[in-house]
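As the structure is a prediction and not an experimental result, all values here were calculated from the model.
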Amino acid sequence: MELADKVPVNPEEIINAATQGATVNEQEGWVQHLNTAALQNQLGAYQKQLAAYIQAQNDGQSTVGQVLGQRNIKPNKLPFLDPALPYTVQTRGQTFASIPNNLKAKFKYSIHTDARS
């Protein structure tokens with residue numbers, strides 16, 4: 001629905017509301033005592049604007065996909081599972097009748113009766 005274009009947000013209003021009565025030090029990059037109540041009011045008002053716009057579209061029957069966008073997978077319905085991967089062999093290493101010990105993954109665990117053992 002291109003919400004950013006249809007219901008634009010004014011970041012300056014939000015920043016002004018949040019910093020009203022706050023201590024701002026731009027040189028050191030910190031803010032103290034943000035006006036959270038005014039910030040909540042600004043965000044709540046924007047949320048209401050978004051909800052009203054979304055509700056006005058499609059007679060209030062918009063889906064999440066219509067609001068946020070969606071992509072559909074185009075299924076490839078084969079009557080059987082393809083026996084090969086769509087990749088070509090670049091190189092082939094050694095072949096073994098069984099995995100040699102130096103290539104096997106190994107781990108060791110121990111069970112103890114107490115933490116000191």
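- Here Leu3 contributes atom CG and Gln57 contributes atom CD; the two are 9.0 Å apart, rounded to the nearest 0.5 Å.
- Taken from CG in Leu39 to OG1 in Thr19, the straight-line distance is 10.0 Å, to the nearest 0.5 Å.
- Across Val67, Asn72, Leu68, a single residue satisfies side-chain contact (heavy atoms from CB on, under 4.5 Å) together with Gln70, and that is Asn72.
- The NZ atom of Lys106 lies 7.5 Å from the NZ atom of Lys104; values are rounded to the nearest 0.5 Å.
- Open room surrounds CD on Gln40; 12 or fewer heavy atoms of other groups in view lie less than 6.0 Å from it.
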Give the intermediate values and the outcome of side chain to side chain contact (heavy atoms under 4.5 Å, CB included) for residues Trp30 and Val24. CA-CA 6 Å; Trp30 57 265; Val24 179; over 6 Å; no
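- Few gaps surround CD on Gln32; more than 12 heavy atoms of other groups in view lie less than 6.0 Å from it.
- Counting heavy-atom neighbours within 6.0 Å of Ile99 CD1, excluding the residue itself, gives a total of 12 or less.
- To the nearest 0.5 Å, atoms CG (Leu50) and CG (Leu43) are separated by 10.5 Å.
- Heavy-atom minimum distance, Asp5 versus Pro8: O-CD, 3.8 Å.
- Atom OG1 of Thr36 is separated from atom CG of Asn41 by 9.5 Å, given to the nearest 0.5 angstrom.
- Using a 4.5 Å cut-off between side-chain heavy atoms of Ile, Leu, Val, Met, Phe, Trp and Tyr, with links allowed through other members, Val31 and Ile15 fall into different hydrophobic clusters.
- Counting heavy atoms of neighbouring residues, nucleotides and ligands inside a 6.0 Å radius, atom CG of Asn25 exceeds 12 of them.
- Nearest approach of Leu34 to Ala18, heavy atoms of both residues: CD2-O, 3.4 Å.
- For NZ of Lys48, the number of neighbouring non-hydrogen atoms (other residues, nucleotides, ligands) closer than 6.0 Å is 12 at most.
- Across all their heavy atoms, Ile14 and Gln42 have their closest contact at CG1-CB, 4.1 Å.
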